[in-house]
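First up is the structure itself, then whatever we jot down about it.
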Amino acid sequence: MSWHSLIKDIPDYPKAGIIFKDITPLLADGPGFHAAIEEMAQFCEESGHQPDVLACPEARGFIFASALAQRLGIGFIPLRKPGKLPREVSRITFDLEYGQDTLEVHKDDVKSGVRVMMVDDVLATGGTMAACIELLQSLGAQVIGAAFLMEIEGLHGRDKLGNIEVCSLVKC
């Protein structure tokens, strides 16, 4: 399937000089969205990648992680912005190219030794995903891989993920 035909370039959004990659046409295309989830599922089902659970940061990645979790018949752990989770949380604050951000996860949702596959829509600079991996590993999780719809290769985000194997369906 030609993933590029379902992802639209929007020049100068959100500011001049940026080419925004709009994934909403892919989400609106039933066969395209289904095929994307199936390709991510194949990566998860390969030898050595069978996760016990998926995890991803909010928000657009939730779309892919929840659909993929349903397809694989496993659970999904959301990593949320502060103040969104009602039980005891563990948190990480990390630097981004434009400031800082914080993510939280319910401590009791992450069991020691659980095999986690990270999922998100886009791998860009890798800072958010690296922080997610660090947070989950600090709670005893074994992060076994990361699956993305799209990777912006020029930003070298996978370099921040260490030895985590990465699957990205579209590279731009």
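What's counted below: heavy atoms across the whole structure, side chains too, no hydrogens, waters or symmetry copies.
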Handout entry: Closest contact, heavy atoms only, G75 versus V53
Key = O-CG2, 3.2 Å
Fill in the blank from the handout: In short, L103 meets C132 closest at the heavy-atom pair CD1-SG, 3.6 Å
Completion exercise
Only one of I74, V114, V116 passes side chain to side chain contact (heavy atoms under 4.5 Å, CB included) with P51, and that residue is I74
Exercise for the section: Check the surroundings of atom OH in Y13: do more than 12 heavy atoms from other residues, nucleotides or ligands lie under 6.0 Å from it? Expected result: no
Completion exercise
OG (S5) and CG (L26) are apart, to the nearest 0.5 Å, by 9.0 Å
Handout entry: Side chain proximity check, I37 to F64, heavy atoms < 4.5 angstrom
Key = yes
Handout entry: Test: E45 and R71 ion pair at under 4.0 Å
Key = yes
Exercise for the section: Among T125, L123, V122, find the residue that satisfies the side chain to side chain contact (heavy atoms under 4.5 Å, CB included) test when tested with L155. Expected result: T125
Fill in the blank from the handout: Between F94 and G127 the two heavy atoms that sit nearest each other are CD1-O, 3.9 Å
Exercise for the section: Treat each ILVMFWY residue as a node, draw an edge where side-chain heavy atoms are under 4.5 Å apart, and state whether L27 and I7 are in one component. Expected result: yes
Practice task
Answer yes if I152 and V170 sit in the same cluster of Ile, Leu, Val, Met, Phe, Trp and Tyr residues linked by side chain heavy atoms under 4.5 Å apart, and no otherwise.
Solution key: yes
Practice task
Look up atom CG in N163 and atom CZ in R158, then write down how far apart they are to the nearest 0.5 Å.
Solution key: 13.0 Å
Problem - E46 and C167, any side-chain heavy atoms less than 4.5 Å apart - result: no
Handout entry: Aromatic ring proximity F76/F62, centre distance under 6.0 Å
Key = yes
Handout entry: From R91 atom CZ to R80 atom CZ, the distance as rounded to the nearest 0.5 Å
Key = 14.0 Å
Handout entry: Within-4.5 Å side-chain heavy-atom neighbours: T102 and K81
Key = no
Handout entry: Backbone of D108 reached by a side-chain donor or acceptor of K111 within 3.5 Å
Key = yes
Handout entry: P25 side chain near D29 side chain, heavy-atom distance below 4.5 Å
Key = no
Problem - Between CE on residue M150 and CG on residue D120, distance to nearest 0.5 Å - result: 10.5 Å
Problem - Enclosure of I19 CD1 (heavy-atom neighbours >12, cutoff 6.0 Å) - result: no
Problem - Atom CD of Q70 with >12 non-hydrogen neighbours under 6.0 angstrom - result: no
Practice task
Taking the side chain as every heavy atom from C-beta outward, state whether I77 and V110 have any atom pair closer than 4.5 Å.
Solution key: yes
Handout entry: L6 versus G32, closest heavy-atom pair with distance
Key = CD1-CA, 3.8 Å
Handout entry: Worked verdict on R87 versus D109 for side chain to side chain contact (heavy atoms under 4.5 Å, CB included)
Key = CA-CA 10 Å; R87 300 189 320 271; D109 284 347; 2.9 Å; yes
Handout entry: Shared hydrophobic cluster, L96 / F148 (ILVMFWY, side-chain heavy atoms < 4.5 Å)
Key = yes
Fill in the blank from the handout: Minimal heavy-atom distance between S168 and E151, with the atoms involved, is OG-OE1, 2.7 Å
Handout entry: pair M117-F43: side-chain heavy atoms closer than 4.5 Å
Key = yes
Practice task
Spell out, yes or no, whether L79 and I133 are grouped together once hydrophobic residues are joined by side-chain heavy atoms under 4.5 Å, including indirect joins.
Solution key: yes
Exercise for the section: Show your working on side chain to side chain contact (heavy atoms under 4.5 Å, CB included) between L161 and M118 and close with a plain yes or no. Expected result: CA-CA 11 Å; L161 305 186; M118 301 303 303; over 6 Å; no
Practice task
Taking the side chain as every heavy atom from C-beta outward, state whether L149 and M40 have any pair of such atoms under 4.5 Å apart.
Solution key: yes
Handout entry: Residue pair L72 / A41: nearest heavy atoms and the distance that separates them
Key = CD2-CB, 4.0 Å
Practice task
Output the distance between atom NZ (K171) and atom CD (E153), rounded to the nearest 0.5 Å.
Solution key: 5.5 Å
Exercise for the section: Please check if atom CD in Q137 has more than 12 non-hydrogen atoms from other residues, nucleotides or ligands closer than 6.0 Å. Expected result: yes
Problem - Distance, nearest 0.5 Å, that separates OG1 of T128 from CG of D101 - result: 6.0 Å
Problem - Under 3.5 Å donor-acceptor, D95 side chain and Q100 backbone - result: no
Exercise for the section: Check the pair E104, L135 against side chain to side chain contact (heavy atoms under 4.5 Å, CB included), reporting the backbone distance first and the verdict last. Expected result: CA-CA 8 Å; E104 298 179 339; L135 177 58; 6.0 Å; no
Exercise for the section: Determine whether I92 and L85 fall in the same hydrophobic cluster, where Ile, Leu, Val, Met, Phe, Trp and Tyr are linked whenever their side-chain heavy atoms lie under 4.5 Å apart. Expected result: no
Problem - Side chain to side chain, M129 and P57, heavy atoms closer than 4.5 Å - result: yes
